[in-house]
Structure formats: structure tokens, C-alpha cells
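Report on the following structure.
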Amino acid sequence: MNSAVPSAPTFAPAAGWKQAGVALIVIELVLLALYFDTARAMVEIWWRSGTFNHAFLVPPISLWLIWEKRHVLGQVPPRPTPWLLLPLALIAFGWLLGELVAVNVLTQFALVAMMVLAVPLVIGLPAARIIAFPLAFLFFAVPFGEFVMPTMMAWTAKFTVIGLRASGIPVYQEGLHFVIPSGRWSVVEACSGVRYLIASIVVGTLYAYLNYRSLKRRLIFIGVAIVIPLVANWLRAYMIVMLGHLSGNTLAVGIDHLIYGWVFFGLVMLIMFAIGLRWREHDIVASGESVTATTLPMPPAPPRAALAAALLAVAIGFAPRAALRLMDEGAQLPPPRLSGETLAQGGWQPVSEPLVDWQPAYANPTTTLQAVFAKDGRRVGVFIAWYQQQNYERKLITSTNLVVRSEDKAWAQVGRGQREALLGAERVSVRSATLRSLDALLAADPPRLTVWHWYWIDGHVVINDMLGKLRLAWAKLSGRGDASAAVFVYAFEPGSEATLADFLAATGGALDVLLERAARHR
């Protein structure tokens, strides 16, 4: 009697997958080659920023999740979706806009979006729907989210002060800085909780996908993964200050307070995942986990359709690179000369004595102007940061350009807002900031500086960062270049707002002339 061991069932993918797979690999590699600088910038941020170290794991996880779906995916005949070439072209144009105004997050999102969109373009929407989550998970590779840092820092400071006062500890607060009987504390970027929040969202989203099948449960868990790190970070900040206070500032006052924070955050996440296991649905088969020929009666695509779609996508991807080369302004322009004497109007005269040992933290301007003007015993400081031929190392609008940095040892920003001002004959909106000297934090009458500031872009006063980026992009597309400036005027309280208003009413027209001449400088 012969005995035979049954062989394992073989997997035979639907017709057309070989050609589609080759076409997809080709288009992804070409896109990476075309936009290599964008991809490299993304990886560099992963490497140098602890907030985004997790992004190194995102592509391997996405590929693993797709591999897990290979048998289900192989049952669906690949069929290119040509109409997706239109959104692909729009995304490529979005990359061009981002490159023109040096916005990393826009160019990086555009690159990932093009690579993701290439998948349904080549294999079709029915097949791509099966791997929709692994494809969407790739967007976590984009370093994004630090824009919420100022808000989260303010929330952390507020909660910490509330907790300290509830514990019976007297607190004096000025913005992100506060003083308790045992010492001075401040909330800086590392204390904002952005790292915890981003890490929690990434891990929580993956956890929800692997453990739940219903959309409702997945969304609820992701919501919990957003709320928990916020509250956990507030508690962490409060406990660190309490540890320092109760230990006479021998515990949790150096790098160890960050270590304590990560240990606490890790425990909170473990508890959250353990609770989440109670409602896991791993035994439930998700809709779309199995696909049969009877449910997808579509004929296979022509053999060369996938390759044709890939070639068209490559042509679209190449277009913005070619357009960018055509718009290259060529040789480096010399910086313009900004003369403060132009602003000597309406009785305001330049003086040589500095007003204050402060200037805004704007990095790598092409040139600057700093001057002081006096009239009737009042003094106003002026600072202009001029930018032209901007790139990723030298740009006007970026989250790292600040009125004052949180780690500044001399000044702290304790107020911000918006004001109406008469700039020559034109009424405009400007940003306002109130700075306070840290050297006199507990003084009865500490020095306070009022700062009004705005962007000057293509002849317009702008105070919104997004609108400013759009104006810069339009100016470059229109051939007028990207010459622009950040303008600051400042004076000491009291009476600072009236002084600044009078100065701008008298000198606003001359200021506009000064900037227009600089923009026309060649």
C-alpha cells in the first residue's frame, strides 16, 4: 500500500500580476530617484529628531502588512485606473509649490502621496482597497505634527500650575515660566508632549488595525490614543515639578526628568494596550478578507496596460522637476543695502545707543537692519530680516523663526495678540508680542518690551504663515522672485503701543519704499 503526504495548496495569483508588479516597482523606484532630495530630507529628519525616530519602522511595517495580504490580493485581477493620473498631476503640482517656498512637510507629503497613488493607478482600486491601511500607514513616515508644540506647551504649563496650586504650593506664572518657593521652572519644547502624542498615535493606529475589525472600535481606540498621552504628559510635568520641589531639587531636575517621563509614558501605554485587549476582535473575519472570482467578475487588463500607466505616471512625476529647473533664477544676487536713514520721518531721528539686548530669533537672513529712532524722549527699535533666493536653509517663514526662543535666558514671551496699525496711509493688521526680562522675573516693575511684527511679501503686509507661503509661491510662479522680509518694531512699556503707533504712522510710507527698493535690487 502506498501512502502519500498531501501537498500544501499552491497559490496562483490572478493573470496580470507579473506585469503589474514589475510596472509598480519601476514607477516607485523612478519616483524615488526623481525626488531623491525630498526623500533624503525626510530620512535626515528621522535620524536627527527623536520625535520621528519611529518613522524608520513605518516602511517595513507597511510592507509586512501588504505581504500578509498577498494571498487575498492575488485573487483580484490587477486593472489600471487611468483617471487617477489627474489627482497624481495635482499632487505633483503641490510638490512644486512646496519646493518653491521650501516647505518640507508639503513636498514630503506630496512624495508619499504620489508613491501611494501609484499603487491603485497600476493595480486598480479593488485590489488597492484590500491594502488600503498599509498604504495609508506610509503617511506616518512624514515628519509632521510639531506645529502643535506651542499649544501643547501652553496646556502643559497651565495644567502644571493648576496642579501645584491645588497641592497648596504658591505659584507665580508668566507665560511658560513659573516660580515656586523651591525654584524656577519653565516649559520648553521637550516638555510639550509632542513626542509622546505622535508616538502614541502611530502605535495606537497600528494596534487598532491589528486587533479590531469594526471601524467604530478602531476609531474609538485611536481617539483614546490621542487623549491619553495628552493627559499623561500633564501628569508627568506635574509629578516632575513635585519631585524636584519635595527633594530640594535633587531629583528630576536634569536629563533624568526626561527619562522619568519616558518610563511613565511607557507604563501608561502598556496599561492602555492591556485594557484595549479586552475588546479585541482577532477571531472575526473582516469584510474583504476573502475575495472570490464570483464577487469580482472583471476581465483581466490588457498585458501592457500596467506598463503604460506607469510610464504616464513617470512623465507626470518628471514635469515639476523640469518646471523647477526652468524657473531657476540663475546666479546668486548680491544682498541689498538696507539703510535706516530712510526711516527718519516725522521728527523721528536715528540714534546710536542700542535700545535693548534683544533681537528676534530668525535664522540665516540674507541681510539685516537694526536701528533705533528717538522723538520727544521716546525711543523705538527697528529690526528687519531680509530674505531672497530662499531655500531650506534660508527661508522667511518657518516654525523655527521666533520672536524669542523658549530656552532664551534673558527674555520670555508672556503675551501675544494682534493689533490694527496705520502704516503710512494704509491701515493693516500686525502681530503683537509682550516680552519680559527673566533677570527681573520677581521684580515689582520688571522691564517689558512690546513688539509689533509682520511679513512684507511681494509688496503686501502678511501676518498669516499659510497666506504668506501662498504669496511667496505666487510671486515666484509669476517671475517676481521671493524677496521678502520680517519687520519688527519695538518699544518699552509703559506707553509702548502709542509710541509704536505714532512711529509707524510717520515712517510707514518710507518703510514700504525701503523694502520695494530692496526687492528691485539686482
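Fair warning: this is a prediction, and the values are worked out from it, not measured in the lab. Only heavy atoms go into these numbers, but all of them, side chains included; no hydrogens, no water, no symmetry mates.
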Show the nearest heavy-atom pair for residues Lys469 and Ile397, with the distance to one decimal. NZ-O, 2.9 Å
Compute whether any side-chain donor of one residue and acceptor of the other, for Trp386 and Gln388, lie under 3.5 angstrom apart. yes
Report yes or no: does Asn401 contribute a side-chain atom to a donor-acceptor pair with the main-chain N or O of Ala363 at less than 3.5 Å? yes
Pair Arg419 + Glu497: basic N to acidic O under 4.0 Å: yes
Given Tyr362, which of Phe488, Phe383, Tyr455 fulfils the ring-ring contact (aromatic ring centres under 6.0 Å, His included) condition? Phe488
Can you find a side-chain donor-acceptor pair between Thr450 and Glu493 that sits under 3.5 Å? yes
Trp474 CH2: over 12 foreign heavy atoms closer than 6.0 Å: no
Hey, does the side chain of Trp358 reach the backbone of Val403 with a donor-acceptor pair shorter than 3.5 angstrom? yes
Below 30° counts as parallel, above 60° as perpendicular, anything between as tilted: where do the rings of Phe52 and His54 land? tilted
Modelled atom types, side-chain donor and acceptor of Tyr490 and Gln359, under 3.5 Å: no
Would you please classify the geometry between the Phe133 ring and the Tyr209 ring as parallel, tilted or perpendicular, with 30° and 60° separating the classes? parallel
Hey, is the main chain of Leu396 close enough, under 3.5 Å, to the side chain of Gln390 for a donor-acceptor pair? yes
Whether Arg405 and Asp408 form a salt bridge (side-chain N of Lys/Arg under 4.0 Å from carboxylate O of Asp/Glu) is what I want to check. no
Residues Arg431, Asp465; criterion salt bridge (Lys or Arg N to Asp or Glu O under 4.0 Å); working and verdict: CA-CA 12 Å; Arg431 292 174 175 173; Asp465 287 0; 2.8 Å; yes
Tell me if a side-chain donor or acceptor on Ser200 pairs with a main-chain N or O of Tyr196 at a distance below 3.5 Å. no
Between Asp458 and Ser484, do the side chains contain an N or O donor and an N or O acceptor separated by less than 3.5 Å? no
With no hydrogens and no angle check, do the side chains of Trp95 and Thr38 hold a donor and an acceptor under 3.5 Å apart? yes
Residue pair Ser432 / Gln418, side-chain donor-acceptor N/O under 3.5 Å: no
Does the distance from a Lys or Arg side-chain N to an Asp or Glu carboxylate O, for Asp482 and Lys395, drop under 4.0 Å? no
